[in-house]
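The first residue of the sequence shown is numbered 1, and numbering continues consecutively from there.
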Amino acid sequence: MDARVAILEAALRLYTSKPPHAVTMDEVAREAGVSKGTVFYHFGSKDGLEKELVRYSVEKYFSWVFEESRDEEVLERIVRESLRVARENPKLTMLWYYVFEKELFSGNTAFTKALYDEMLGFITGLFEEMGVKRPRETAVVFMAMLDGVYVYSLFVPNLDLDEIGEVIIEFVKGRCRK
């Protein structure tokens with residue numbers, strides 16, 4: 001494993017084991033077995049590390065999406081896998097929103113916008129290929145539903161994410177039939 005990946009894996013363990021604001025670059029370096037200078041060399045700053053950690057974790061959990069067939073079933077799998085991640089690793093969801101919120105309040109949302117645009121483009125493409133009317137708008141609603149469930153899962157205990165997932169899938173299937 002190269003130093004960059006070791007740092008990201010160490011950071012992922014730390015950021016999902018304690019509040020994100022409490023993680024230090026010293027801890028990340030120590031956990032990764034590298035110098036603090038190496039962490040800064042690869043990521044430039046704590047913000048840079050956090051943004052790259054979001055990208056890395058999204059790719060780690062969802063890279064399979066780009067290798068799947070582009071049909072209604074991949075959308076169902078996206079829903080199920082997204083809600084599985086929310087259920088099994090809520091601290092990862094918290095990390096994502098921590099980084100997004102920091103960007104929002106700083107006024108520089110370039111990273112989050114690029115990430116959302118990439119996902120929106122992919123989901124829009126799926127809906128276009130399936131012949132869905134107003135594919136971009138449908139993709140926005142689809143992504144907003146998943147984002148909303150992520151947030152609710154952090155604040156509302158005992159949500160039945162499987163049942164909620166089925167409702168989202170019913171929406172998707174209804175849109176795909178139009």
Side-chain angles (χ1 to χ4, degrees), residues 8-9 11-21 50-106 109-178:
L8 288 167
E9 285 293 326
L12 190 56
R13 285 190 300 276
L14 289 168
Y15 275 89
T16 57
S17 68
K18 60 197 280 185
H21 67 277
E50 291 169 347
K51 288 174 184 174
E52 194 54 35
L53 186 56
V54 168
R55 179 170 292 287
Y56 177 76
S57 62
V58 168
E59 288 172 3
K60 181 176 181 168
Y61 286 97
F62 296 102
S63 63
W64 59 267
V65 168
F66 301 103
E67 299 160 7
E68 294 278 319
S69 61
R70 297 173 64 90
D71 58 18
E72 189 176 305
E73 288 179 15
V74 75
L75 289 166
E76 289 182 37
R77 187 163 175 216
I78 289 169
V79 170
R80 288 193 174 93
E81 288 297 307
S82 295
L83 298 181
R84 183 188 62 77
V85 169
R87 178 178 41 256
E88 293 176 7
N89 201 343
K91 296 212 178 200
L92 182 61
T93 303
M94 291 169 69
L95 167 65
W96 293 342
Y97 283 100
Y98 170 78
V99 172
F100 299 158
E101 183 179 280
K102 278 177 57 176
E103 264 210 338
L104 182 63
F105 287 105
S106 76
T109 59
F111 169 77
T112 303
K113 183 178 181 333
L115 190 63
Y116 269 75
D117 284 348
E118 184 179 331
M119 290 187 272
L120 181 61
F122 180 78
I123 300 295
T124 299
L126 286 174
F127 283 128
E128 285 172 347
E129 288 179 23
M130 291 186 283
V132 172
K133 187 177 178 180
R134 300 190 333 216
R136 185 172 191 283
E137 292 78 7
T138 303
V140 168
V141 171
F142 175 76
M143 289 175 57
M145 285 190 292
L146 288 175
D147 284 345
V149 173
Y150 272 132
V151 172
Y152 270 81
S153 73
L154 295 174
F155 295 104
V156 180
N158 304 318
L159 278 180
D160 185 343
L161 294 179
D162 293 327
E163 187 66 28
I164 292 168
E166 292 306 313
V167 171
I168 294 172
I169 290 167
E170 288 171 13
F171 165 81
V172 170
K173 286 181 175 180
R175 290 295 299 164
C176 291
R177 288 190 190 104
K178 304 232 181 251

Fill in: From CA spacing to verdict: salt bridge (Lys or Arg N to Asp or Glu O under 4.0 Å), E166, R80
CA-CA 9 Å; E166 292 306 313; R80 288 193 174 93; 2.9 Å; yes
Worksheet, complete the sentence: A86 and T93 have their tightest heavy-atom pair at CA-OG1, 3.9 Å
Practice prompt. Indicate the ring-plane relationship of F62 and W96, choosing parallel, tilted or perpendicular according to the 30° and 60° boundaries.
Written response: tilted
Practice prompt. Please round to the nearest 0.5 Å and tell me the distance separating atom CZ of R13 and atom CG of L8.
Written response: 11.0 Å
Discussion item. Keeping Y116 on the side-chain end and M143 on the backbone end, is there a donor-acceptor pair under 3.5 Å?
Written reply: no
Discussion item. Can you confirm whether more than 12 heavy atoms, excluding those of R87, are under 6.0 Å from its CZ atom?
Written reply: yes
Discussion item. Using 30° and 60° as the class boundaries, would you call the ring planes of Y98 and H21 parallel, tilted or perpendicular?
Written reply: tilted
Worksheet item: Between CE of M119 and CG of D147, what distance do you get to the nearest 0.5 Å?
Response: 7.0 Å
Discussion item. Measuring only between side-chain heavy atoms, which start at C-beta, is L126 closer than 4.5 Å to I123?
Written reply: yes
Worksheet item: Could you walk me through whether Y56 and E9 pass the side chain to side chain contact (heavy atoms under 4.5 Å, CB included) check?
Response: CA-CA 9 Å; Y56 177 76; E9 285 293 326; 2.3 Å; yes
Discussion item. Taking K173 first and then E170, would you say they form a salt bridge - that is, a charged N and a carboxylate O separated by under 4.0 Å?
Written reply: no
Practice prompt. Carefully, step by step, assess T112 and L104 under the rule side chain to side chain contact (heavy atoms under 4.5 Å, CB included).
Written response: CA-CA 9 Å; T112 303; L104 182 63; over 6 Å; no
Fill in: Electrostatic pair E103:K51 at N-O distance under 4.0 angstrom
yes
Practice prompt. Any chance you could measure L146, atom CG, to I78, atom CD1, to the nearest 0.5 Å?
Written response: 8.5 Å
Worksheet item: Is S63 reaching over with its side chain to a backbone N or O of K60, donor-acceptor style, under 3.5 angstrom?
Response: no
Practice prompt. Please say whether more than 12 non-hydrogen atoms of neighbouring residues, nucleotides or ligands are located less than 6.0 Å from CZ in R84.
Written response: yes
Worksheet entry | Gap between atom CG of D160 and atom CG of L83 - 0.5 Å precision | 10.0 Å
Worksheet entry | Gap separating the CG atom of L75 from the CZ atom of F142, nearest 0.5 angstrom | 5.0 Å
Fill in: Closest non-hydrogen atom pair, L12 against S57
CD1-CB, 4.1 Å
Worksheet item: How long is the span from the CG atom in L154 to the CG atom in L159, to the nearest 0.5 Å?
Response: 10.0 Å
Discussion item. Minimum heavy-atom separation for E50 and P20, please, with both atom names.
Written reply: OE2-O, 4.4 Å
Worksheet item: With a 4.5 Å heavy-atom cut-off, do I164 and Y152 have their side chains touching?
Response: no
Discussion item. Just checking K113: does its NZ atom have more than 12 heavy atoms from other residues, nucleotides or ligands closer to it than 6.0 angstrom?
Written reply: no
Response to the item:
Note: T16 and K91 closest approach over all heavy atoms is O-CD, 3.2 Å
